[in-house]
Trainee: 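A single structure is presented below for examination.
Nothing here was measured: the structure is a model prediction, and the numbers come from that model.
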There are 2 protein chains.
Amino acid sequence: MLPGNSVAFSAKTEYGIVSLVELAAIYEQGGVLQVAEIAHRQSIPDRYLEQMLTSLRRARILRSIRGPKGGYQLARPPADITIADVVGCLEGEAAARAAASRDTPEFEVLSALQERLDQARAAILSGTSLQDLLEQRDQLAQAQAMYFI
Amino acid sequence: MLPGNSVAFSAKTEYGIVSLVELAAIYEQGGVLQVAEIAHRQSIPDRYLEQMLTSLRRARILRSIRGPKGGYQLARPPADITIADVVGCLEGEAAARAAASRDTPEFEVLSALQERLDQARAAILSGTSLQDLLEQRDQLAQAQAMYFI
DNA sequence: TGTATTCCCGACTACATCGATGGGGATCCG
DNA sequence: CGGATCCCCATCGATGTAGTCGGGAATACA
C-alpha cells in the first residue's frame with residue numbers, strides 16, 4: 001500500500017548504496033569520484049546514476065564539485081550515514097503515502113502486524129552505516145584473497 | 001528488484017489475510033463464508049477477492065464448497081496457518097525472480113544486507129499464525145468494549 | 001579568454017505491475 | 001429445472017520504475 005519501502009531495494013536505492021560505499025572508501029583521503037567512473041565500475045547507466053547522486057546531494061548526504069577534476073564525495077564521515085538515511089532519501093518520494101487501511105477489526109490487527117515489520121526493518125536499516133558496509137566489503141576482499149595463497 | 005515481497009503488503013495480500021482471519025473465527029463451528037459476504041463486510045470488490053480466495057484454495061489453505069449454501073472455509077486449524085504461508089501464496093508469483101545482483105564487492109555486501117532484512121521479515125511472518133491474529137482481534141474488540149462501560 | 005570537462009535540471013518514453021472488471025462455464029441444492 | 005455459488009481466463013486503466021535525452025551552468029586549465 002505504500003509502494004516504496006520494499007524489502008528488496010529498488011534499482012535507485014541499490015545504485016545509490018553501492019556508489020556511497022565506493023565513496024566511503026576514499027573519504028579519509030578526501031578524494032572525489034565522478035559519475036561516469038562509478039557508473040562504469042558498477043555497470044550502471046551513467047545518466048541514470050546521475051539522478052540518484054543528485055537526490056543524495058540535495059539530502060546533504062553528498063557534496064559535489066563541478067568542472068574538470070570535479071566529482072562527488074561524502075558530506076560527512078561514513079559512520080554518520082546510515083542506510084536508513086539513504087533509503088529514506090532515494091525511495092522517500094513514492095513512499096510518502098498514508099496506509100489508510102479499512103477500519104474493520106481485521107484490518108486493524110493487520111496494521112499492527114505491518115507496524116512490527118516496519119520496526120524490524122527500520123532497526124536494521126538505521127543500525128547499519130556506510131562504515132559497516134565498507135568494513136564488510138574489505139573483509140570480503142580479504143577472505144577472497146585467501147583462496148589465492 | 002523483486003517487486004513482490006514488500007514490507008507494506010499488496011492489496012492482494014491484505015485482502016487475503018483479513019478474509020482468512022474472518023474464516024478463522026468460525027473454523028471451530030465448521031461454518032463457511034461466501035465471497036460476497038466477506039467482500040461486503042470488508043469493503044473489498046467481490047470479483048477481485050474471488051481471485052485471492054482461488055489462489056489460497058490452490059495453495060491448500062482454503063477449501064471451497066460450490067452451489068447454494070456454498071462458500072469457503074479454512075483447510076486446517078488457524079494455528080497451523082502462518083502469515084508466511086499466506087504471503088508466499090499471494091505474492092509468490094511475482095516474487096519468484098532471482099536477485100541477479102552485479103558481481104562487484106559493493107553489490108555483494110548489499111546482497112548480504114538484503115538477506116538480513118529478508119530473514120528478519122521471514123521470522124515475523126512465519127512466527128505469526130492466523131490464530132495469533134484472531135486472538136489479537138478479539139482482544140482489541142474487548143478493549144474497545146471497555147470504553148462503553 | 002577559450003574550451004573541454006564535469007555537474008545540473010527537467011522532460012520524455014517504454015514497459016511492467018497492480019487493482020479491478022467482465023463474460024461465460026461448472027457444480028450443486030432444492 | 002433454476003437459481004446460487006464457485007471457477008477460469010481475458011482484458012483494461014492507472015501508476016510507477018528504469019532508463020534516455022537535450023540542453024544549461026560552473027570550473028580548471030592552456
Trainee: For I65(A) and for L49(B), locate the closest nucleotide of DNA chain C by heavy-atom distance; then report the residue assigned to the nucleotide nearer the 5' terminus.
Mentor: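 The answer here is I65(A).
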Trainee: Indicate whether any N or O donor in one side chain lies under 3.5 Å from an N or O acceptor in the other, for Q139(B) and E135(B).
Mentor: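 Result is no, nothing qualifies.
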Trainee: What's the OH-P distance between Y48(B) and dC6(D), to the nearest Å?
Mentor: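 The answer, rounded to whole Å, is 18 Å.
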Trainee: Which nucleotide sits closest to the side chain of V35(A): dC7(D), dG19(D), dC7(C)?
Mentor: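 Side chain of V35(A) sits closest to dC7(C).
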Trainee: Does S19(B) offer a backbone N or O that forms a donor-acceptor pair with the side chain of E106(A) under 3.5 Å?
Mentor: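 Flag not set: sc E106(A) to bb S19(B) has no pair under 3.5 Å.
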Trainee: Are any protein N/O atoms closer than 3.5 Å to N/O atoms in nucleotides 1-4 of chain D? If there are, list each pair with its distance.
Mentor:
none

Trainee: Write down the distance between CD (E14(A)) and P (dA18(D)), rounded to a whole number of angstrom.
Mentor: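 Atom CD in E14(A) sits about 9 Å away from atom P in dA18(D).
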Trainee: Round to a whole Å and report the spacing from CZ of F9(B) to P of dG19(C).
Mentor: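 In whole Å, dG19(C) P lies 13 Å from F9(B) CZ.
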Trainee: Is any side-chain N or O of S64(A) closer than 4.0 Å to OP1 or OP2 of dT6(C)?
Mentor: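 So the side chain of S64(A) is outside the cut-off, no N or O lying under 4.0 Å from OP1 or OP2 of dT6(C).
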Trainee: Which protein N or O atoms sit under 3.5 Å from an N or O of nucleotides 9-13 of chain C?
Mentor:
{"unit_1": "dC9(C)", "atom_1": "OP2", "unit_2": "R57(A)", "atom_2": "NH2", "d": "2.6"}
{"unit_1": "dC9(C)", "atom_1": "OP2", "unit_2": "R58(A)", "atom_2": "NH2", "d": "3.2"}

Trainee: Are L117(A) and R121(B) close enough that some pair of their side-chain heavy atoms sits under 4.5 Å apart?
Mentor: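 When only atoms from C-beta onward are counted, R121(B) and L117(A) do touch, with a gap below 4.5 Å.
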Trainee: So, for P105(B) and R137(A), which heavy atoms are closest and what is the spacing to 0.1 Å?
Mentor: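 Nearest pair, atom of P105(B) first, then R137(A): CB-CG, 3.6 Å.
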Trainee: Roughly, in whole Å, what's the span from CZ in R63(B) to P in dC28(C)?
Mentor: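 In whole Å, dC28(C) P lies 14 Å from R63(B) CZ.
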Trainee: For Q73(B) and dT5(D), what is the distance between atoms CD and C1' respectively, to the nearest whole Å?
Mentor: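 So the CD-C1' distance, Q73(B) to dT5(D), works out to 15 Å.
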Trainee: Measure from the side-chain N and O atoms of R58(B) to the backbone N and O of C89(B), and report whether any donor-acceptor pair falls under 3.5 Å.
Mentor: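 Checked: no pair found.
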Trainee: Ignoring backbone atoms, establish whether Y15(B) has a side-chain N or O less than 4.0 Å from OP1 or OP2 of dA20(C).
Mentor: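 True: Y15(B) side-chain N/O within range (under 4.0 Å) of dA20(C) OP1/OP2.
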Trainee: Between atom CG in L62(A) and atom P in dT6(C), what is the gap in whole Å?
Mentor: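 In whole Å, dT6(C) P lies 17 Å from L62(A) CG.
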Trainee: Using whole Å, what does the distance between atom C1' of nucleotide dC7(C) and atom CG of D46(A) come to?
Mentor: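 Nearest whole value for this atom pair: 12 Å.
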Trainee: May I ask you to list the residues sharing a hydrophobic cluster with I65(A), side-chain cutoff 4.5 Å, ordered by chain and number?
Mentor: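 Reading the cluster by chain and number, I65(A) sits alongside V32(A).
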Trainee: With heavy-atom distances below 4.5 Å as the criterion, would you say the side chains of T82(A) and T128(A) are in contact?
Mentor: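 No; the side chains remain at least 4.5 Å from each other.
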Trainee: What integer distance in Å separates L33(A):CG from dC7(C):P?
Mentor: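 After rounding, the reported distance stands at 10 Å.
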Trainee: Between the main-chain N or O of F107(B) and the side-chain N or O of E14(A), is there a donor-acceptor pair closer than 3.5 Å?
Mentor: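 Side chain of E14(A) to backbone of F107(B): no pair is present.
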Trainee: Following the transitive rule for hydrophobic clusters with a side-chain heavy-atom cut-off under 4.5 Å over Ile, Leu, Val, Met, Phe, Trp and Tyr, establish whether L140(B) and L113(A) coincide in one cluster.
Mentor: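 No, L140(B) and L113(A) fall in different hydrophobic clusters.
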